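See structure below.
What you see is a predicted model, and the numbers here were worked out from it, not measured in a lab. These values consider heavy atoms only, across backbone and side chains, with no hydrogens, waters or symmetry-generated copies. Each chain gets a letter, A, B and so on, in the order its sequence line appears, and its residues count up from 1.
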2 protein chains.
Amino acid sequence: MAEAQPTLSSDDATRRIRRAAVRLFHERGYHGTPVRALAQMLRMEAGSLYYHFPSKQQILVDVLEGTLEELLQGLQEAVAAARGPRAQLVAAVRFHVLFHTRRREEAFVSGSELRSLLPAHRRAITARRDRYERVFRDLLRRGVEAGVFTVSDVKVAAMAILTMGTGVASWFWEGGRLGPEAVADQYAEMILRMVQSARKGRRP
Amino acid sequence: MAEAQPTLSSDDATRRIRRAAVRLFHERGYHGTPVRALAQMLRMEAGSLYYHFPSKQQILVDVLEGTLEELLQGLQEAVAAARGPRAQLVAAVRFHVLFHTRRREEAFVSGSELRSLLPAHRRAITARRDRYERVFRDLLRRGVEAGVFTVSDVKVAAMAILTMGTGVASWFWEGGRLGPEAVADQYAEMILRMVQSARKGRRP
DNA sequence: GTCTATAACTAGATAGAC
DNA sequence: GTCTATCTAGTTATAGAC
C-alpha cells in the first residue's frame with residue numbers, strides 16, 4: 001500500500017509537473033517561467049495545473065524540498081558506508097559530483113532559486129542545506145585531527161569543495177566527452193590532493 | 001576630454017542605475033525585479049528610468065558587458081605581470097577570487113543571468129566568458145607541458161578552478177571572519193596543491 | 001482531471017506636462 | 001531630467017462547464 005516515498009505525494013501527474021518545472025526553472029528561472037509555459041510543456045491548459053498544485057510557489061517548494069532531502073540522505077549514506085576520513089571524503093565528493101552531473105537541472109535550481117522562495121519556506125530549505133554543508137566540515141575536521149588532512153581553514157576548504165562540485169552542474173554536458181563517473185573520479189582525486197597532508201596515504 | 005571608460009557611457013545617473021540594478025538582480029534575479037522596484041530604490045518613478053535606458057534588458061546588458069570586460073582585462077593584466085606557470089596560476093587565481101569577493105554581486109549576476117539575455121546579446125557576452133576560461137586552460141596546459149603541473153584533464157581542472165572561485169561570490173560575506181586577501185591566499189594555496197606535480201616547487 | 005473564460009493584478013514601456 | 005497618467009500585454013489564480 002504505502003510507497004517508499006516519505007514526504008511528498010507522487011502520483012504520476014505531480015511527478016510530471018515537477019519534472020517539467022525543473023526543466024523550465026533551470027532554463028529561464030522561476031520568475032522567468034510563466035505558469036502557461038509550464039502547462040504548454042505538459043500539453044495542458046494553465047488552469048489545469050491548479051488541480052494538482054495550489055500555487056506556482058508550491059511547485060518550487062516541492063522541487064527544492066525533494067532535491068535537498070535526497071542530497072542530504074544520499075550524502076549521509078555515502079559517508080556512513082566508508083571508513084576513515086580519506087575514504088569518507090572520497091565517498092562524499094563522489095556522491096556530490098555524481099548528483100550534480102546526473103541530476104544537474106534539479107541541483108542547479110536548488111542552488112539558484114532559494115531567493116525565489118517566500119521567507120517562510122526559505123527557512124526549512126536553508127536548514128537542510130546547512131546540515132549538508134556541515135557533513136563536509138565535520139569530515140574535514142576529523143581528518144585534520146587525525147593528521148590525514150592539512151588545511152588552513154576548515155570552513156573555507158569545505159566551501160571550496162562544495163562549490164567546486166556544485167559548479168559541475170553549470171558546465172557538465174550529458175553528451176560530452178566525459179561521463180559522470182569520470183568527472184567524479186577526477187574531482188575526488190583533485191580534492192584529495194588539495195587537502196591531503198604531504199607524503200601521507202598517497203596512491204601510486 | 002575623453003575619459004578612460006571605453007565602451008559604456010558613465011554619467012552619474014547611469015552608474016547609479018547600474019549599481020542599484022546589480023543589487024536587485026542579485027537579490028531577486030532579473031525577472032524577479034520589476035522596473036518599479038529599481039526606480040523605488042533610486043527614489044524616482046519608473047518612467048524616469050527610460051530617459052537613461054531604452055529598456056530593462058539594456059540595463060542588464062550594460063551590467064554584464066561591463067563586468068565581463070573588467071574580468072577579462074584584469075585577468076590578462078594579472079597573468080601578464082607574472083613569470084612562469086606557477087606564478088601565473090597564483091596571479092590568475094588571486095585575481096579571480098579577489099574579484100568574486102570585492103565585487104561579489106556583479107560577479108554573481110554575470111554568472112547567473114546569462115539566460116535572461118535575448119539571444120542576440122547572449123552571444124557577445126558568452127564569447128567574452130569563453131575567452132576568460134581559455135586563459136585558465138592555456139595556463140594549465142603550459143604548466144603541464146613544463147612538468148610543473150600534473151592534471152588528468154586540463155579542461156576539467158580549469159572548470160574546477162573557475163567554478164571554485166566563482167562559488168566564492170555565493171558564500172563570501174563582507175563582514176565575515178576573513179577578508180578578500182585571506183580567502184584569495186587560501187584558494188591560491190589549495191589550487192596549487194591540487195595541480196602541482198609531486199615534489200616540485202614546493203614551499204616550506 | 002481537464003477545459004474555457006475571466007477576474008484581479010502587475011509587468012514593461014510611452015506620452016506629454018513641467 | 002523627472003513626474004503623472006496611461007496603454008497594452010502578460011501575470012497568477014479562480015469558477016464553473018463538461
Side-chain angles (χ1 to χ4, degrees), chain A residues 3 8-64 109 113-122, chain B residues 3 8-65 109 112-122:
Chain A
E3 295 192 0
L8 305 166
S9 74
S10 327
D11 49 280
D12 201 56
T14 59
R15 264 191 286 112
R16 278 183 65 229
I17 295 172
R18 275 206 294 267
R19 263 216 312 271
V22 164
R23 275 275 269 288
L24 288 173
F25 293 169
H26 175 254
E27 233 169 73
R28 326 189 191 174
Y30 174 75
H31 288 295
T33 304
V35 172
R36 280 170 172 85
L38 180 54
Q40 192 183 24
M41 169 169 274
L42 294 160
R43 286 191 232 256
M44 35 165 79
E45 294 305 313
S48 310
L49 283 170
Y50 288 87
Y51 174 81
H52 302 282
F53 284 91
S55 67
K56 181 185 167 187
Q57 172 81 197
Q58 192 57 48
I59 301 178
L60 179 62
V61 170
D62 272 28
V63 166
L64 297 200
V109 169
E113 294 296 353
L114 273 177
R115 64 186 172 188
S116 304
L117 290 171
L118 301 176
H121 297 130
R122 186 146 67 210
Chain B
E3 294 193 2
L8 306 167
S9 74
S10 327
D11 50 280
D12 201 56
T14 59
R15 266 191 285 111
R16 276 184 66 228
I17 294 171
R18 275 206 295 268
R19 263 215 314 269
V22 164
R23 275 275 269 288
L24 288 174
F25 293 169
H26 174 256
E27 233 169 73
R28 327 190 191 173
Y30 174 75
H31 288 297
T33 304
V35 171
R36 283 170 171 84
L38 179 55
Q40 191 182 24
M41 168 169 274
L42 294 160
R43 286 190 232 258
M44 35 165 78
E45 294 306 312
S48 309
L49 283 170
Y50 288 85
Y51 175 80
H52 302 281
F53 284 91
S55 67
K56 181 185 168 187
Q57 172 81 198
Q58 193 56 47
I59 301 177
L60 178 63
V61 171
D62 273 27
V63 166
L64 298 200
E65 273 186 352
V109 170
S112 59
E113 296 296 353
L114 274 176
R115 64 184 172 189
S116 304
L117 290 170
L118 301 176
H121 298 131
R122 186 146 67 211

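For Gln58(A), the side chain to side chain donor-acceptor pair (under 3.5 Å) partners are Asp62(A), not counting sequence neighbours. Considering only residues two or more places apart in sequence or on other chains, Gln40(A) meets the side chain to side chain donor-acceptor pair (under 3.5 Å) condition with none of them. In this view, Arg115(A) and Glu113(B) satisfy the salt bridge (charged side-chain N to carboxylate O under 4.0 Å, His left out) rule, not counting sequence neighbours.
Bounding nucleotides for the chain B contact on DNA chain D, 5' to 3', at a heavy-atom distance below 4.0 Å, are dG1(D) to dT6(D).
Leu49(B) and Met44(B) make their closest contact through CD2-SD, 4.0 Å (heavy atoms, listed as atom of the first residue, atom of the second, distance). Taking every heavy atom of both residues into account, Thr14(B) and Asp11(B) meet most closely at OG1-O, 3.0 Å.
For residues 36-61 of chain B, the set of pairs meeting the ring-ring contact (aromatic ring centres under 6.0 Å, His included) definition, not counting sequence neighbours, is empty. Residue pairs that meet the side-chain hydrogen bond (donor to acceptor under 3.5 Å, both in side chains) test with at least one member in residues 29-38 of chain B, sequence neighbours left out, are Tyr30(B)-Gln57(B).
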Pick out the pairs of N or O atoms, protein on one side and nucleotides 12-15 of chain C on the other, that lie under 3.5 Å.
| from | atom 1 | to | atom 2 | distance (Å) |
| --- | --- | --- | --- | --- |
| dG12(C) | OP1 | Lys56(B) | NZ | 2.6 |
| dG12(C) | OP2 | Val35(B) | N | 2.6 |
| dG12(C) | N7 | Arg36(B) | NH1 | 3.1 |
| dG12(C) | O6 | Arg36(B) | NH2 | 3.2 |
| dA13(C) | OP2 | Tyr50(B) | OH | 2.8 |
| dA13(C) | OP2 | Lys56(B) | N | 2.9 |

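Residue Arg28(B) contributes atom CZ, which lies 13 Å from atom P of dT10(C) at whole-angstrom precision.
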Kindly list each side-chain donor-acceptor pair under 3.5 angstrom involving residues 20-29 of chain B, sequence neighbours excluded, with atom names and distances?
none

